[in-house]
Amino acid sequence: MLTTLRTTALAAMICMVALLAACSDDSSPTDPTPTGDLAVSLTLNGGGLSNKVLSFADSSSMSTYSAADDLTVVRFNGNVDGKAISVVVSFKGTSKNTRQLDGTSPGEGVIVQWGTEVYAAMTQGSIGITKYDDRVGGEVEGSFSGTAAGTASGQVVTYTISGGSFTSKRAS
């Protein structure tokens, strides 16, 4: 049963990646500097990366809540070091607390797609929500850290994600 739940959770995270798979390198990128508004930041280790900080602002970042699934999904898209990047943070509910991830809750976790070389799906660790304004246009803020399974240049690797933080606006 536990194996089935973990498989289901990983499958749900992989499905979310399908939306991110369209990202590609931009031949003339600009790297925005996070301003504290609608931004995401994390440090990635593994797959040949050592303390690589991925940090960017995204003025179009949005947080959506599905009552049917009791799931909040926060999305960021931008550029870091000339490569397209997408970060998706998803968690159950709308309350301000810390969610411990163990791979058994479908849809919860963090996905990082950076260029065509790095993909990481964090389903082990924690996501802490420090602010959750229920109004449309309100802010959602939090932090995250843990371990992720993924790929680096086509090789299967384990990543450590640390120092993750985000601020987004509620779209629904």
Side-chain angles (χ1 to χ4, degrees), residues 6 8-26 32 34 37-44 46-47 49 52-80 83-94 98-132 138-152 157-172:
R6 284 188 178 155
T8 302
L10 185 56
M13 294 297 285
I14 289 171
C15 288
M16 289 172 56
V17 164
L19 296 172
L20 301 176
C23 293
S24 63
D25 289 343
D26 184 348
D37 297 313
L38 309 183
V40 64
S41 183
L42 62 108
T43 301
L44 201 58
L49 300 175
K52 178 61 181 176
V53 175
L54 301 175
S55 184
F56 63 98
D58 177 5
S59 63
S60 65
S61 172
M62 66 176 158
S63 164
T64 57
Y65 174 70
S66 167
D69 299 320
D70 189 30
L71 193 69
T72 297
V73 178
V74 185
R75 292 180 174 86
F76 297 91
N77 295 300
N79 268 288
V80 172
K83 297 176 185 176
I85 185 169
S86 292
V87 178
V88 177
V89 180
S90 58
F91 52 90
K92 289 287 187 186
T94 62
T98 299
R99 287 105 170 124
Q100 295 300 321
L101 305 177
D102 62 5
T104 62
S105 183
E108 283 192 299
V110 178
I111 296 175
V112 179
Q113 176 75 45
W114 184 40
T116 58
E117 298 87 24
V118 174
Y119 162 75
M122 185 190 96
T123 58
Q124 304 286 322
S126 65
I127 299 174
I129 306 307
T130 55
K131 184 175 186 178
Y132 199 105
E139 289 188 347
V140 176
E141 294 180 357
S143 61
F144 56 90
S145 63
T147 57
T151 59
V157 298
T158 299
Y159 290 102
T160 301
I161 297 175
S162 60
S165 65
F166 64 91
T167 301
S168 185
K169 294 279 186 196
R170 289 282 311 272
S172 66

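No experiment lies behind these values; they were computed from the predicted model shown.
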**Request:** Sort out for me which residue in D70, T94, T72 forms a side chain to side chain donor-acceptor pair (under 3.5 Å) with Y65.
**Result:** D70

**Complete:** Tightest non-hydrogen contact, residues M62 and A171, listed as CB-CB, 3.9 Å

**Message:** I need the I127 CD1 to L101 CG distance, nearest 0.5 Å.
**Reply:** 4.5 Å

**Request:** Hey, could you give me the CD1/OG distance between I129 and S143, rounded to the nearest 0.5 Å?
**Result:** 7.5 Å

**Atom pair CG/CG of N79 and D58 - distance to nearest 0.5 Å** = 10.5 Å

**Request:** Check whether any side-chain heavy atom of F76 sits under 4.5 Å from a side-chain heavy atom of I85, and report yes or no.
**Result:** no

**Prompt:** Taking the side chain from S126 and the backbone from Q100, do they hold a donor-acceptor pair closer than 3.5 Å?
**Reply:** no

**Prompt:** Under 4.5 Å between any side-chain heavy atoms of L71 and K92, yes or no?
**Reply:** yes

**Check: V110 and V89 side chains under 4.5 Å, non-hydrogen atoms** = yes

**Request:** Please collect all salt bridge (Lys or Arg N to Asp or Glu O under 4.0 Å) contacts where either partner lies in residues 158-172, sequence neighbours excluded, each pair once.
**Result:** D134-R170, E139-K169

**Message:** Does any part of the side chain of L42, heavy atoms only, come nearer than 4.5 Å to the side chain of F166, both counted from C-beta?
**Reply:** no

**From L54 atom CG to T43 atom OG1, the distance as rounded to the nearest 0.5 Å** = 8.0 Å

**Message:** Using the rule given for side-chain contact (heavy atoms from CB on, under 4.5 Å), can you reason through T167 versus V140, listing the C-alpha separation, both sets of side-chain angles and the distance that settles it, and then say yes or no?
**Reply:** CA-CA 6 Å; T167 301; V140 176; over 6 Å; no

**Complete:** Across all chains, not counting sequence neighbours, the side chain to side chain donor-acceptor pair (under 3.5 Å) partners of S63 are none

**Item:** Residues forming a salt bridge (Lys or Arg N to Asp or Glu O under 4.0 Å) with R99, sequence neighbours excluded
**Value:** none

**Fill in**
Scanning both residues in full, the closest heavy-atom pair of I161 with M122 reads CD1-CB, 3.9 Å

**Item:** Minimal non-hydrogen separation, A148 against A120, with atom names
**Value:** CB-CB, 3.9 Å

**Asked** Does any non-hydrogen side-chain atom of I111 lie less than 4.5 Å from one of Y119?
**Response** yes

**Asked** Which distance, rounded to the nearest 0.5 Å, do you find between the OG of S59 and the CG of D37?
**Response** 10.0 Å

**Request:** Would you name the heavy atoms of V74 and S61 that are closest together and state the gap between them?
**Result:** CG1-OG, 4.4 Å

**Message:** Working note: V118 + Y159, criterion side-chain contact (heavy atoms from CB on, under 4.5 Å); need CA distance, chi angles, decisive distance, verdict.
**Reply:** CA-CA 10 Å; V118 174; Y159 290 102; 3.5 Å; yes

**Y132 OH to S168 OG distance, which is reported to the nearest 0.5 Å** = 10.0 Å

**Request:** Please report the shortest heavy-atom distance between S105 and D102, naming the atom on each side.
**Result:** N-OD1, 4.4 Å

